[in-house]
Structure formats: structure tokens, C-alpha cells
S.K.: 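I'd like to ask some things about the structure below.
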Protein chains: 2
Amino acid sequence: MSKKEALLKAAQLKVRSGGYNNFSFRELATAVGIKSASVHYHFPTKEDLGAELAHQYTNDFLNALGEPQLLNASGINPIDAYINQFRNALLEDKKMCLCGLLGAESDSLPEKVRNETKRFFEHNIEWLEKAHAVVAPESKAAAKKNAIKTIAMLEGAMLISKAVDNNDVFELAVTELG
Amino acid sequence: MSKKEALLKAAQLKVRSGGYNNFSFRELATAVGIKSASVHYHFPTKEDLGAELAHQYTNDFLNALGEPQLLNASGINPIDAYINQFRNALLEDKKMCLCGLLGAESDSLPEKVRNETKRFFEHNIEWLEKAHAVVAPESKAAAKKNAIKTIAMLEGAMLISKAVDNNDVFELAVTELG
DNA sequence: GTCTATAATTTGATAGAC
DNA sequence: GTCTATCAAATTATAGAC
């Protein structure tokens with residue numbers, strides 16, 4: 001893993017624990033064994049790092065899923081697969097969704113970071129629209145509404161599970177989603 | 001309004017925009033016309049301020065609603081009233097729920113603040129359990145599950161509306177909640 | 001209750017050597 | 001790519017006067 005990749009990985013953990021203001025260049029540098037000044041070689045400013053972090057997170061998240069049509073053709077319910085990806089983030093990483101946290105603090109984010117956070121949700125809603133359409137054919141408007149309801153419930157369930165420190169809350173909230 | 005009340009009000013706006021790390025004693029002091037050192041007279045540490053902020057927010061939130069049984073007796077659906085309180089926070093204040101944001105960054109919060117944030121959700125889930133029980137009699141387990149689903153959807157819908165900067169998302173997500 | 005003054009630390013960022 | 005050295009600014013917090 002390159003130093004740049006390691007820096008993004010370290011940053012992801014910090015942001016998913018406490019948001020955009022919860023990491024410093026010095027902390028990341030120490031975590032990967034370089035000096036603070038060297039971080040600026042990879043990311044000119046903190047805003048650049050934050051934007052690249054959210055952008056990569058979005059791509060990784062969607063790439064790990066694959067296309068809903070292909071999942072369905074393989075006998076996998078794409079909505080179940082989507083829920084499982086959120087479940088794993090919560091149970092394995094024991095962390096919030098990166099863009100869930102950034103989305104909540106959207107008002108105070110630097111522009112580039114805010115834009116990348118918005119992009120996460122736009123692309124995820126689009127993915128879920130396709131998923132809903134492929135699982136149970138319905139109107140375009142109904143698919144969009146169901147897509148929004150699905151991701152809203154997942155982000156909310158994650159948030160509250162973290163807040164009360166009890167993952168059962170997540171399971172109770174998402175039981176009837178799939 | 002006392003200086004202390006004004007400080008909490010200023011802090012609430014900052015935290016609801018960007019989380020616990022998004023305000024400083026100096027900013028709050030300037031906002032209410034005193035000096036940073038004087039803030040420590042009202043709140044010994046930042047953790048104390050954060051905890052009192054979340055505690056007061058929880059009390060104000062529930063007091064504004066009143067008891068679900070009383071609402072129901074007055075011909076008001078308590079779940080609709082609850083949804084409206086979230087809607088107003090988003091449309092009028094144009095801000096996230098304070099404890100929604102704090103809950104998302106729970107892992108990195110000072111202990112007192114984390115505990116008060118947890119208390120917000122425990123009390124709100126309890127309130128919603130009563131509301132569901134009063135609207136449509138059902139098992140205690142079912143009422144609890146519905147309470148969790150309701151607040152998860154509201155927090156998630158709010159979060160995503162902020163992230164994509166479009167309040168229609170909130171309305172789409174909550175249409176079938178009441 | 002509020003002030004001045006100040007301490008100790010952390011922060012994002014830059015210049016320039018290697 | 002990484003370093004040393006450094007900076008200006010911001011942060012939480014305290015001591016003591018008024």
C-alpha cells in the first residue's frame with residue numbers, strides 16, 4: 001500500500017469516528033510513519049484530502065456492490081446486498097458511513113468536500129432506483145421514493161445504533177427493508 | 001435572555017451545522033458580546049458546555065411536544081406531531097437535529113456529551129413507543145420496533161436532505177410514516 | 001460576571017535542503 | 001518523496017484584578 005493510500009485509510013477511520021474536523025495532518029503522518037509536511041506533497045490542502053477521501057469512498061462503495069442488474073441475474077437480491085454493505089460497515093468497521101457523517105455536517109464543509117458528499121448520495125440513490133426497478137417493476141417515481149426511503153433508513157439506523165451503542169437497533173430498523 | 005442562554009443558543013447553531021468540533025469558546029463569546037475567558041465562568045470546560053447543550057436540547061424537544069396521550073386526547077396524532085417537529089427543524093432552522101449530528105460522531109465525543117446524546121435517543125424512543133401504542137394498540141415489541149423505525153427514518157431523511165441540499169427528499173422519505 | 005494577560009498546545013501550511 | 005525548520009493563527013484553559 002502506497003503512503004497516499006495509507007493516509008486516506010487513516011483519514012477514513014478518523015472521519016468516520018468524528019467527522020471532517022476530527023483529523024489533523026500530523027495525526028495522519030504519524031499513523032503512516034512520515035512527517036506532517038510530507039502529507040502536503042500528496043494533498044496540497046486539507047480540503048483536497050477530504051474531497052479525494054469522499055470521492056474514493058463513493059467509488060469503492062459502489063464498485064464493491066456491482067451493478068444491480070448483474071446481482072439480480074446471479075440470484076442475489078440487490079437490495080439485500082446493499083443492506084449488507086451497510087451492516088458490514090457498522091458491525092465490522094464499527095464506524096458510521098463516511099458520507100453519512102459528512103452529509104450531516106454538510107453546512108460547514110469546504111466546497112469540494114461538500115460536493116463529493118453530495119455525489120455519494122446522488123449515485124447511491126441512482127443505484128437503488130435501478131435495484132428497486134429490477135426487484136419489483138414499478139413507476140419511475142415510486143422507484144425513486146423507495147430508493148430514498150431505503151438509504152434514509154440505513155443512514156438513520158446506523159446513526160442511532162452508534163448513538164445508543166447497540167447494534168440491535170440497526171437490525172430492528174432494517175428488517176422490513178429488503 | 002441571559003448570557004448563558006445566549007451562549008447555548010449560539011453553540012446550538014454551530015454544532016447543528018458542523019458537529020462538536022465546529023465551535024470555539026471565542027466564537028461563542030464574540031457572538032454574545034463577552035470575552036472568551038468569561039465563557040468559562042458559565043461552563044468550566046467545553047465538555048461541560050456540550051453536555052448541557054445536549055441535555056437542554058433533549059428537554060426542550062420533548063417539552064415542546066407534550067405527552068403523546070394528551071396529544072391524542074386533543075385529537076392530534078402524536079406521530080404526526082413528532083414528524084412535524086423534525087420537519088420544522090429542517091425547514092425553519094435549516095439545520096440538522098443536534099443529537100443526530102452528535103450521535104453520528106458519538107465515537108469521538110467526550111464522555112458527558114456522548115451520554116447526553118444517548119439520553120436523547122432513549123427518551124425519544126420511549127416517547128415514540130407510547131405514541132405508537134396510543135395510535136394503534138399493538139404488542140410492546142412491535143411498538144418499540146416502530147418507534148425505532150420512525151426516528152431512524154427521520155434522522156436519515158434529515159441527513160440526506162442536508163447532504164443533497166433538497167428538502168423534497170425529506171418529504172418523500174416520511175410520507176408513509178404517520 | 002466580566003475583564004486582561006498569558007500559558008501550553010495544536011493546527012494548516014510554506015520554504016528550501018536532500 | 002521526505003525531511004527540518006518555521007510560521008501565524010487558533011484552541012482550551014487558568015490566574016488574578018475589578
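Convention: sequence-line order gives letters A, B, ...; per-chain numbering from 1.
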S.K.: Just to be sure I understand the rule, does B:Phe23 reach a base, reach only the sugar-phosphate, or reach nothing, if contact means heavy atoms closer than 4.0 Å?
M.R.: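 The answer is sugar-phosphate, as B:Phe23 gets under 4.0 Å only of primed atoms, P, OP1 or OP2.
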S.K.: Does one side chain, of A:His132 or A:Thr150, offer a donor that lies under 3.5 Å from an acceptor on the other?
M.R.: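 On atom types as modelled, these side chains qualify, holding a pair under 3.5 Å.
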S.K.: How many Å lie between CZ on A:Phe25 and P on C:dA13, as a whole number?
M.R.: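 Roughly 6 Å, once rounded to whole Å.
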S.K.: Given D:dC3, D:dT12, C:dG12, which nucleotide is nearest the side-chain atoms of B:Lys46?
M.R.: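 My answer, after comparing the listed nucleotides, is D:dT12.
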S.K.: Within the pair A:Tyr41 and D:dG1, is there a side-chain N or O less than 4.0 Å away from OP1 or OP2?
M.R.: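 Yes, within the criterion.
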S.K.: How many Å lie between CG on B:Leu28 and C1' on D:dA13, as a whole number?
M.R.: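 These atoms are roughly 15 Å apart.
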S.K.: Hey, is the side chain of A:Ser24 poking within less than 4.0 Å of OP1 or OP2 on C:dT11, counting only N and O atoms?
M.R.: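 Affirmative; the distance criterion is met.
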S.K.: Rounded to the nearest angstrom, tell me the gap between atom CZ in B:Phe43 and atom C1' in C:dG1.
M.R.: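 So the two atoms are 13 Å apart, to the nearest Å.
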S.K.: Identify the heavy atoms of B:Ala173 and A:Ala152 that sit nearest to each other, and give their distance.
M.R.: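 For B:Ala173 and A:Ala152, the tightest heavy-atom pair comes out as CB-CB, 4.3 Å.
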S.K.: Side chain of B:Ile34: nearest nucleotide among D:dA13, C:dC3, D:dT11?
M.R.: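 Selected nucleotide (nearest to the side chain): C:dC3.
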S.K.: Choosing from C:dT2, C:dT14, D:dA13, which nucleotide comes nearest the side chain of B:Ser38?
M.R.: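 Comparing C:dT2, C:dT14, D:dA13 against the side chain of B:Ser38, the answer is C:dT2.
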S.K.: Looking at A:Tyr41, is A:Lys4 sitting on its ring face, NZ or CZ under 6.0 Å from the six-membered ring centre and within 45 degrees of the normal?
M.R.: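 No, A:Lys4 and A:Tyr41 do not form such a contact.
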S.K.: Nearest-nucleotide wise, let me know which of B:Lys35 and B:Arg26 is further upstream toward the 5' end of DNA chain C.
M.R.: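 Per heavy-atom nearest nucleotide, the more 5' residue is B:Lys35.
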S.K.: How close or far is atom P of C:dT10 from atom NZ of A:Lys14, stated in whole angstroms?
M.R.: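 Rounded to the whole Å, the gap is 13 Å.
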S.K.: For A:Glu47 and C:dG12, what is the distance between atoms CD and C1' respectively, to the nearest whole Å?
M.R.: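 Result: 13 Å.
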S.K.: Just distance, no hydrogens or angles: give the donor-acceptor pairs under 3.5 Å from side chains in residues 85-92 of chain B, sequence neighbours left out.
M.R.:
{"unit_1": "B:Gln85", "atom_1": "NE2", "unit_2": "B:Phe61", "atom_2": "O", "d": "2.8"}
{"unit_1": "B:Arg87", "atom_1": "NE", "unit_2": "B:Glu171", "atom_2": "OE1", "d": "3.3"}
{"unit_1": "B:Arg87", "atom_1": "NE", "unit_2": "B:Glu171", "atom_2": "OE2", "d": "2.8"}
{"unit_1": "B:Arg87", "atom_1": "NH1", "unit_2": "B:Asn84", "atom_2": "OD1", "d": "2.6"}
{"unit_1": "B:Arg87", "atom_1": "NH2", "unit_2": "B:Glu171", "atom_2": "OE1", "d": "2.9"}
{"unit_1": "B:Asn88", "atom_1": "ND2", "unit_2": "B:Asn84", "atom_2": "O", "d": "3.4"}

S.K.: Nearest whole angstrom, please: distance from the P of C:dT4 to the NE2 of B:His40.
M.R.: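 So the two atoms are 15 Å apart, to the nearest Å.
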S.K.: Checking side-chain polar atoms at under 3.5 Å, does A:Asn21 have a donor or acceptor matched by the opposite partner on A:Glu105?
M.R.: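 Not at all, the side chains of A:Asn21 and A:Glu105 share no donor-acceptor pair under 3.5 Å.
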S.K.: Nearest to the side chain of A:Ala37 - C:dT14, D:dT2, C:dC3?
M.R.: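 Closest nucleotide among those given: C:dT14.
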S.K.: Can you tell me the distance, in whole Å, between the CG atom of B:Leu49 and the P atom of D:dT12?
M.R.: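 Going from CG in B:Leu49 over to P in D:dT12 covers 10 Å.
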S.K.: Which nucleotide sits closest to the side chain of A:His42: D:dT12, D:dT2, C:dG12?
M.R.: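 The listed nucleotide nearest to A:His42's side chain is D:dT2.
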